[in-house]
Novice: 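Let me begin by handing over the structure; questions about it come next.
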Amino acid sequence: MRLSHYFLPVLKETPAEAQIVSHRLMLRAGLIRQEAAGIYAWLPLGIRVLNKIKAIVHEEMNRAGAIEILMPTLQSAELWRESGRYDDYGKEMLRIKDRHDRDLLYGPTNEEMVTEIFRAYVRSYKQLPLNLYHTQWKFRDEVRPRFGVMRGREFLMKDAYSFDIDARAARRAYNRMYVAYLRTFARMGLKSIPMRAEAGPIGGDLSHEFIVLAETGESQVYCHKDLLDMPIPNEDTDFHGDLESIVRARTELYAATEDVHDSARFEKEVPPEKRLSARGIEVGQVFYFGTKYSAPMKAVVTGPDGKEVPVEMGSYGIGVSRLVGAIIEACHDDAGIIWPVSVAPFRVALINLKSGDVATDKACESLYSRLTTAGIETLYDDTDERPGAKFATADLIGIPYQLVVGPRGLSAGNVEIKVRATGAKHEMPADAAVEYLVQGN
RNA sequence: CGGGGCGUGGCGCAGCCUGGUAGCGCAUCUGCUUUGGGAGCAGAGGGUCGCGUGUUCGAAUCACGCCGCCCCGACCA
């Protein structure tokens, strides 16, 4: 992409309304624009990141055996009356009437609807286990939205729903999602820690929140330090097999958010030098809630014994739009964002230090063509800004590699690669630079 | 939902107290000079001062109402 033909509205000054660093950087780097309290438009750079995150989430969901569907944003109130949540959910739920005066709502979550889909088609235990997921915009009418996309009213969320014949099978389904989440967040460059959590209004009695440590995190968390150094399950993990050992290795160590924290237990179970108390951002949550929805909504299957039983369910959320903010909280410096390669909007920022200079232009065009041909997403700064402005923009938007081309380097036969994360600079001939950047893609 | 604050060119702000020609920096446009870490000079364009009502000869400025947004708390992915 040539910057001269792109839409990248970066701000030199910090917008007054943004308090936390991720919100400020998202506005400055031209990722989002606020359209109303807690409601954002996604600008070109922002939607690229959002899509990358979503793709990783989907890959790991599919790997774990979940199946993608897409449910609508608007739902009929009827479904929610069946589960009893139409009255329970309160003012957080955005209620709408259509032209026929029918009650609709903008979905804050989809347990009811997915249960309705399930019960319409599934009758036998032989069709289980089943896990259906989708990524869709949700709306929760927060009293006080804040922190940009970290706590917006409209947000993009992946939610998966598991259906099983009994509690044991449901537990295995829970474990599959638990392991998939460990992999998902690790792939985005985040260190996530599963912590015991309250089930909240979703309901249920087994739940973990996946927490990313960050100074600006919304909740206080307590855990055993060894959880920070747990290995990430491999890509070839057998999701049909027994995952209990992977889960148990983590759940047997103390980890809890402030809501369920028990300081006496914490001090008893964790030696002083292993105690970690920090702030954290919740990026995902897994629930097992049994028959909370299947029983009232009559989602039943016939078991091997010929008896009908309500299906055992769990739900598994990942805050996709929130993750953009969470990643920035974890990955930035004074100059701007530092995207992990896996979610970066572009892999390489090609910086022409002297647009209009024949030799420099020619070298850049050649590099741009070779990189894009090799499948490297490259943002080519071909504008006639001054070098300082180009460097500042590249640092701000956080592209992992800056490929810097100017007359001075070229006269020595070199271009320069700057690694955004470390600041390390390497001078080398153009051929070597292309090879360096193509590696590992 | 309680408490506090703010709405003035695209962005950041001053002006308001004490009513009288709407201002500054950045950005934008034109020209010249510059070009390896957010350039310099000269010129130009752009604002019903959130909306409404009232007070007044006269309202960005005073009063009242409304709307929007932000912050603290309670609540939450």
Side-chain angles (χ1 to χ4, degrees), chain A residues 9-20 23-24 27-28 30 33-39 89-93 107-110 135-159 181 197-202 207-212 217-219 257-259 280-287 315-326 334-336 351-357 360 381 383-396 402 404-412 414-416 418 423 425 427:
Chain A
V10 298
L11 305 176
K12 208 189 239 181
E13 290 173 283
T14 302
E17 74 266 21
Q19 297 299 309
I20 64 168
H23 190 194
R24 284 202 291 263
L27 293 168
R28 287 195 55 209
R33 173 166 182 81
Q34 180 167 328
E35 293 298 340
I39 300 179
Y89 218 94
K91 300 185 84 170
E92 270 200 358
M93 184 154 76
T109 177
N110 288 69
T135 296
Q136 180 61 286
W137 293 93
K138 308 283 195 293
F139 194 92
R140 292 184 192 169
D141 200 357
E142 298 282 344
V143 192
R144 190 182 159 212
R146 62 183 125 172
F147 304 150
V149 300
M150 298 277 283
R151 188 159 166 213
R153 292 193 293 170
E154 188 184 52
F155 56 99
L156 187 63
M157 180 175 172
K158 184 284 302 178
D159 40 327
Y181 277 27
E198 275 195 276
I202 306 284
S207 180
H208 287 90
E209 287 183 356
F210 284 71
I211 300 289
V212 170
E218 77 261 70
S219 48
T257 60
E258 56 193 334
D259 301 337
I281 300 168
E282 186 197 336
V283 290
Q285 185 162 12
V286 291
F287 302 92
S315 76
Y316 315 91
I318 290 181
V320 175
S321 49
R322 157 177 278 207
L323 270 167
V324 180
D334 289 345
I351 299 178
N352 183 334
L353 289 180
K354 195 168 183 179
S355 292
D357 177 78
T360 309
D381 191 343
T383 64
D384 55 8
E385 286 296 311
R386 300 167 59 85
K390 293 189 177 191
F391 289 132
T393 297
D395 285 346
L396 174 64
Q402 294 173 16
V404 182
V405 180
R408 200 173 80 194
L410 286 177
S411 66
N414 283 332
V415 297
E416 183 184 278
K418 175 179 152 186
K425 296 175 181 175
E427 290 218 6

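In the text below, chain A, chain B and the rest are named by the order of the sequence lines, each starting its count at 1.
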Novice: Partners of A/R151 by salt bridge (Lys or Arg N to Asp or Glu O under 4.0 Å), sequence neighbours excluded?
Specialist: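 Partners of A/R151 under the salt bridge (Lys or Arg N to Asp or Glu O under 4.0 Å) test: A/E142.
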Novice: What is the pairing partner of B/C16, taking Watson-Crick or G-U wobble pairs with both distances under 3.5 Å in any strand?
Specialist: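 WC or wobble partner does not exist here.
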Novice: Closest nucleotide of RNA chain B for A/R33 versus for A/E92: which of these residues is on the 5' side?
Specialist: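 In this pair, the answer is A/R33.
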Novice: Please indicate whether A/D259 has more than 12 foreign heavy atoms, meaning atoms of other residues, nucleotides or ligands, lying under 6.0 Å from its CG.
Specialist: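 Check passes, neighbour count above 12.
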Novice: Counting distance alone, no hydrogens or angles: does the base of B/C76 have a donor or acceptor under 3.5 Å from a partner atom on the side chain of A/R151?
Specialist: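 Indeed there is one.
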Novice: Which part of the nucleic acid does A/E142 contact within heavy-atom distance under 4.0 Å: base, sugar-phosphate only, or nothing?
Specialist: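 Touches a base.
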Novice: Across nucleotides 1-9 of chain B, 5' to 3', mark each nucleotide with B, S or - according to how protein heavy atoms within less than 4.0 Å reach it.
Specialist: B--------
Novice: Indicate, with a heavy-atom threshold strictly under 4.0 Å, whether A/P108 touches base, sugar-phosphate, or nothing.
Specialist: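 Counting heavy atoms under 4.0 Å across all strands, no contact is made by A/P108.
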Novice: Taking any strand in view, what nucleotide pairs with B/C69 in a Watson-Crick or G-U wobble way, both distances under 3.5 Å?
Specialist: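 In the structure as shown, B/C69 has B/G5 as its Watson-Crick or wobble partner.
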Novice: Quick one: list whatever passes salt bridge (Lys or Arg N to Asp or Glu O under 4.0 Å) with A/K418, sequence neighbours left out.
Specialist: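 Here the qualifying residues are A/D395.
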Novice: For a quick check of understanding: with a heavy-atom distance under 4.0 Å over all strands, which category does A/A18 fall into, base, sugar-phosphate or nothing?
Specialist: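 It contacts nothing in the nucleic acid.
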Novice: Check salt bridge (Lys or Arg N to Asp or Glu O under 4.0 Å) between A/K138 and all other residues, then give those that pass, not counting sequence neighbours.
Specialist: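 Once residues adjacent in sequence are excluded, the partners of A/K138 under the salt bridge (Lys or Arg N to Asp or Glu O under 4.0 Å) criterion are A/D159.
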Novice: Could you identify the nucleotide paired to B/U21, looking across every strand shown and requiring Watson-Crick or G-U wobble geometry with both distances under 3.5 Å?
Specialist: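 Looking at the geometry, B/U21 pairs with no nucleotide.
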Novice: Nucleotide by nucleotide, 5' to 3', does protein get under 4.0 Å of the base (B), only the sugar-phosphate (S), or neither (-) in nucleotides 34-40 of chain B, counting heavy atoms?
Specialist: BSBBBB-
Novice: Applying the Watson-Crick and G-U wobble criteria at under 3.5 Å, what pairs with B/U61? Answer none if nothing qualifies.
Specialist: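 Result: none.
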Novice: Under the salt bridge (Lys or Arg N to Asp or Glu O under 4.0 Å) test, which residues partner A/R24, sequence neighbours left out?
Specialist: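 With sequence neighbours excluded, A/R24 shows a salt bridge (Lys or Arg N to Asp or Glu O under 4.0 Å) to no residue whatsoever.
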Novice: Look through every strand shown and name the nucleotide pairing with B/G45 as Watson-Crick or G-U wobble, where both distances are under 3.5 Å.
Specialist: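 Because no pair has both required distances under 3.5 Å, B/G45 counts as unpaired.
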Novice: For B/A27, which nucleotide in any strand shown is its Watson-Crick or wobble partner with both distances under 3.5 Å?
Specialist: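 Matched B/A27 with nothing under the 3.5 Å cut-off.
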Novice: So what does A/G152 touch, heavy atoms closer than 4.0 Å: a base, only the sugar-phosphate, or nothing?
Specialist: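 Base, at least one base heavy atom under 4.0 Å.
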Novice: Is the distance from OP1 or OP2 of B/C72 to the nearest side-chain N or O of A/Q19 less than 4.0 Å?
Specialist: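 It does not, given that no N or O in the side chain of A/Q19 lies less than 4.0 Å from OP1 or OP2 of B/C72.
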Novice: For B/G52 versus B/C13, give the span between their P atoms, rounded off to a whole number of Å.
Specialist: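 The same atom, P, in both gives a distance of 25 Å.
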Novice: Can you tell me the base-pairing partner of B/A39? Count Watson-Crick or G-U wobble geometry only, both distances below 3.5 Å, and say none if there is no partner.
Specialist: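 By the stated definition (distances under 3.5 Å), B/U33 pairs with B/A39.
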Novice: Is the phosphate of B/C75, meaning OP1 or OP2, less than 4.0 Å from a side-chain N or O of A/R140?
Specialist: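 No, no such contact exists.
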